[in-house]
Amino acid sequence: MILSTSVFGIRLEVIIIIMLLLIILLFAAFVVVFRQLQIITRKYYTLTSGKKAKDLEHIILRRFKEMDKVKARMKHFSKDHRTFKGHLDSCYNRMGLVKYDAFENMAGELSYSLALLNQDNSGFVISSMHSKEGCFSYAKEIIKGESYIALSKEEKEAIQKAITIDEEIQKMVNIEEDDDI
């Protein structure tokens with residue numbers, strides 16, 4: 001007959017089984033932690049192989065100085081970029097040209113209307129009409145795509161071309177990209 005003893009009101013066999021399960025769990029946790037330590041140790045040795053601690057410290061400090069220089073340059077470039085962008089927005093960067101025959105007795109489309117606009121669609125349109133008697137040129141101010149002076153059909157077309165030039169360029173780029181594929 002086996003006497004069953006109890007500790008704290010729990011049978012001894014149950015306590016032994018619980019202790020064995022805890023030992024197995026602790027061993028599994030030990031294996032996992034040991035594997036992670038091995039991985040970190042390998043990475044550390046890879047990082048520091050052939051280098052002394054002072055060399056590594058010197059390398060890290062030099063990289064921080066380089067990063068500080070890069071950040072300073074980026075601030076300078078960003079400031080320059082804002083300045084240049086401000087200048088470019090006021091430059092005439094949109095152009096529309098329409099050539100036509102102004103008079104019935106002239107051929108060769110020697111007359112033209114040229115619109116030069118900035119980012120806000122403000123600028124001017126120059127029209128030059130050629131005839132047998134001479135050449136007549138006119139300039140009209142354009143503010144936000146409109147003129148206070150009456151515009152000819154060709155001047156309106158030149159202004160419209162200038163306003164939509166970004167879209168035309170994008171269409172051409174898309175066509176070239178499609179051809180490359």
Side-chain angles (χ1 to χ4, degrees), residues 8 10 14-99 112-126 139-148 155-181:
F8 301 115
I10 303 172
V14 175
I15 291 176
I16 291 173
I17 291 172
I18 291 173
M19 293 301 265
L20 284 174
L21 288 174
L22 281 174
I23 290 171
I24 291 170
L25 285 174
L26 286 174
F27 183 73
F30 173 76
V31 169
V32 169
V33 170
F34 185 74
R35 293 282 287 153
Q36 289 177 346
L37 181 62
Q38 281 182 321
I39 292 169
I40 290 171
T41 303
R42 260 190 249 127
K43 288 180 181 179
Y44 173 76
Y45 283 121
T46 301
L47 179 67
T48 61
S49 63
K51 303 286 182 195
K52 295 179 182 172
K54 279 199 168 214
D55 293 339
L56 190 59
E57 180 183 0
H58 176 72
I59 290 169
I60 291 171
L61 290 175
R62 188 174 65 210
R63 293 294 182 232
F64 279 130
K65 286 180 185 176
E66 288 173 0
M67 287 191 318
D68 288 342
K69 287 179 183 178
V70 168
K71 284 168 58 177
R73 281 191 207 146
M74 288 305 298
K75 284 182 182 177
H76 179 73
F77 289 147
S78 179
K79 180 182 175 189
D80 286 348
H81 177 260
R82 284 191 302 273
T83 302
F84 292 142
K85 183 158 177 26
H87 290 299
L88 283 176
D89 286 345
S90 65
C91 291
Y92 299 121
N93 56 3
R94 297 174 180 213
M95 189 239 355
L97 176 67
V98 175
K99 294 179 71 177
Y112 65 88
S113 289
L114 172 67
L116 294 174
L117 305 176
N118 64 13
Q119 211 57 28
D120 295 329
N121 295 328
S122 296
F124 57 91
V125 63
I126 296 175
K140 298 175 183 173
E141 183 179 23
I142 307 299
I143 299 172
K144 297 191 188 281
E146 300 292 327
S147 174
Y148 295 112
E155 289 170 331
K156 289 177 185 176
E157 186 179 344
I159 292 168
Q160 190 59 37
K161 278 186 174 184
I163 290 172
T164 60
I165 195 162
D166 292 335
E167 296 166 11
E168 295 298 320
I169 291 171
Q170 190 60 45
K171 284 179 189 176
M172 292 173 61
V173 168
N174 290 341
I175 290 170
E176 287 177 7
E177 288 175 355
D178 290 344
D179 289 345
D180 292 341
I181 295 174

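Positions are given from 1, in the same order as the sequence printed here.
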Validation: residues 113-126 side-chain donor-acceptor distances under 3.5 Å, sequence neighbours left out:
residue, atom, partner, partner atom, Å
S113, OG, S127, OG, 2.9
N118, OD1, D120, N, 2.9
N118, OD1, N121, N, 3.3
N118, OD1, S122, N, 3.0
Q119, OE1, N93, ND2, 2.8
N121, OD1, R94, NH1, 3.2
S122, OG, K144, N, 2.9

At their closest point, which heavy atom of K161 faces which heavy atom of L97, and how far apart are they? NZ-O, 3.3 Å
The side chain to side chain contact (heavy atoms under 4.5 Å, CB included) partners of R82 (sequence neighbours excluded) come to S78, K79
Could you give the distance from CG (L37) to CZ (R35), rounded to the nearest 0.5 Å? 11.5 Å
Taking atom CZ of F34 and atom CD1 of I39, what is their separation to the nearest 0.5 Å? 11.0 Å
So how far is it from K156 NZ to I142 CD1, rounded to the nearest 0.5 Å? 11.0 Å
Say you draw a straight line from CE of M74 to NZ of K71; how long is it, rounded to the nearest 0.5 Å? 12.0 Å
L21: which residues meet the side chain to side chain contact (heavy atoms under 4.5 Å, CB included) condition with it, sequence neighbours left out? I17
For R63, the salt bridge (Lys or Arg N to Asp or Glu O under 4.0 Å) test, sequence neighbours excluded, returns E66
Taken in chain and number order and not counting sequence neighbours, the residues that satisfy salt bridge (Lys or Arg N to Asp or Glu O under 4.0 Å) with K140 are E155
Carefully, step by step, assess V32 and Q36 under the rule side chain to side chain contact (heavy atoms under 4.5 Å, CB included). CA-CA 6 Å; V32 169; Q36 289 177 346; 4.2 Å; yes
To the nearest 0.5 Å, tell me how far K43 NZ sits from Q38 CD. 13.0 Å
Within the 4.5 Å heavy-atom criterion, are F30 and L26 side-chain neighbours or not? no
Among residues at least two apart in sequence or on other chains, which ones pass side chain to side chain contact (heavy atoms under 4.5 Å, CB included) with I16? L12, L20
Counting only heavy atoms from other residues, nucleotides and ligands, does the tally under 6.0 Å from CE of M67 exceed 12? yes
Got more than 12 heavy atoms from elsewhere within 6.0 Å of CZ, R62? yes
